[in-house]
**Student:** 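Sending over a structure as structure tokens; questions will come in a sec.
These figures come from a predicted structure and were not determined experimentally.
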Amino acid sequence: VRPDYVAVSDGDVDLVVTDVAPPPPQEEVVGVAPGSDYFWVGGVWFWEGGRHVWHPGHWEHNRDGYHYVAHHWDNEGGHWHLRGGRWVRN
């Protein structure tokens with residue numbers, strides 16, 4: 001029996017791999033940033049309990065010397081990989 005997802009680690013990036021494509025992103029209303037040094041991180045579908053579950057977007061505070069890589073799904077050979085959101089040193 002083949003599992004419908006696998007959690008793996010690729011260096012410092014957590015991945016979830018599933019054969020089920022994520023739905024299109026949900027439309028979100030982006031309000032006013034809490035400060036000039038904040039940016040919006042859009043929502044993303046996570047794979048939880050054998051199904052996609054929407055996690056809404058949120059504001060993140062900028063970090064000096066880093067940039068943010070948002071969660072995103074990649075299709076590789078018919079398998080969907082969720083790459084984890086993370087801060088990366090510039």
Side-chain angles (χ1 to χ4, degrees):
V1 176
R2 188 171 156 209
D4 61 353
Y5 81 97
V6 178
V8 297
S9 179
D10 180 13
D12 63 344
V13 181
D14 292 331
L15 300 175
V16 171
V17 182
T18 180
D19 291 342
V20 181
Q26 290 189 2
E27 195 169 313
E28 296 184 289
V29 176
V30 179
V32 177
S36 61
D37 52 350
Y38 285 79
F39 66 96
W40 180 256
V41 175
V44 65
W45 291 102
F46 279 75
W47 185 256
E48 297 175 355
R51 65 188 181 95
H52 288 286
V53 177
W54 180 254
H55 287 235
H58 62 277
W59 292 102
E60 280 282 340
H61 188 266
N62 283 310
R63 293 177 58 185
D64 288 339
Y66 290 83
H67 66 276
Y68 188 77
V69 178
H71 285 96
H72 62 280
W73 286 94
D74 293 323
N75 185 334
E76 297 177 7
H79 305 289
W80 289 92
H81 298 249
L82 176 61
R83 311 280 192 225
R86 67 196 184 283
W87 289 97
V88 177
R89 186 178 297 277
N90 293 336

**Student:** Go through the structure and list residues passing side-chain hydrogen bond (donor to acceptor under 3.5 Å, both in side chains) with Glu28, not counting sequence neighbours.
**Tutor:** none
**Student:** Sequence neighbours left out, what passes salt bridge (Lys or Arg N to Asp or Glu O under 4.0 Å) with Asp74? Give chain and number order.
**Tutor:** Arg83
**Student:** Can you tell me how the ring of Phe39 sits relative to the ring of Tyr68, calling it parallel under 30°, perpendicular over 60° and tilted otherwise?
**Tutor:** tilted
**Student:** Looking at Trp73 and Val16, what are the two nearest heavy atoms and their distance?
**Tutor:** CZ3-O, 4.1 Å
**Student:** Any salt bridge (charged side-chain N to carboxylate O under 4.0 Å, His left out) involving residues 52-66? Give me the pairs, sequence neighbours left out, ordered by first then second residue.
**Tutor:** none
**Student:** For Pro34, give me all partners under side-chain contact (heavy atoms from CB on, under 4.5 Å), at least two apart in sequence or on another chain.
**Tutor:** Tyr38, Trp59
**Student:** If the condition is side-chain hydrogen bond (donor to acceptor under 3.5 Å, both in side chains), which residues does Asp37 pass it with, not counting sequence neighbours?
**Tutor:** His61
**Student:** Out of curiosity, Arg51 CZ to Trp45 CH2, how far, rounded to the nearest 0.5 Å?
**Tutor:** 9.0 Å
**Student:** Using every non-hydrogen atom in the two residues, find where Ala21 and His52 come nearest and quote the distance to one decimal.
**Tutor:** O-NE2, 3.2 Å
**Student:** Residues two or more places apart in sequence or in another chain: which of them pass ring-ring contact (aromatic ring centres under 6.0 Å, His included) with His71?
**Tutor:** Phe46
**Student:** When clusters are formed by joining ILVMFWY residues with side-chain heavy atoms under 4.5 Å apart, either directly or through shared neighbours, do Val20 and Trp54 land in the same one?
**Tutor:** yes
**Student:** Could you work out, with ring-ring contact (aromatic ring centres under 6.0 Å, His included) as the rule, every residue matching His67, not counting sequence neighbours?
**Tutor:** none
**Student:** Just to verify, what does Trp80 make a ring-ring contact (aromatic ring centres under 6.0 Å, His included) with, not counting sequence neighbours?
**Tutor:** none
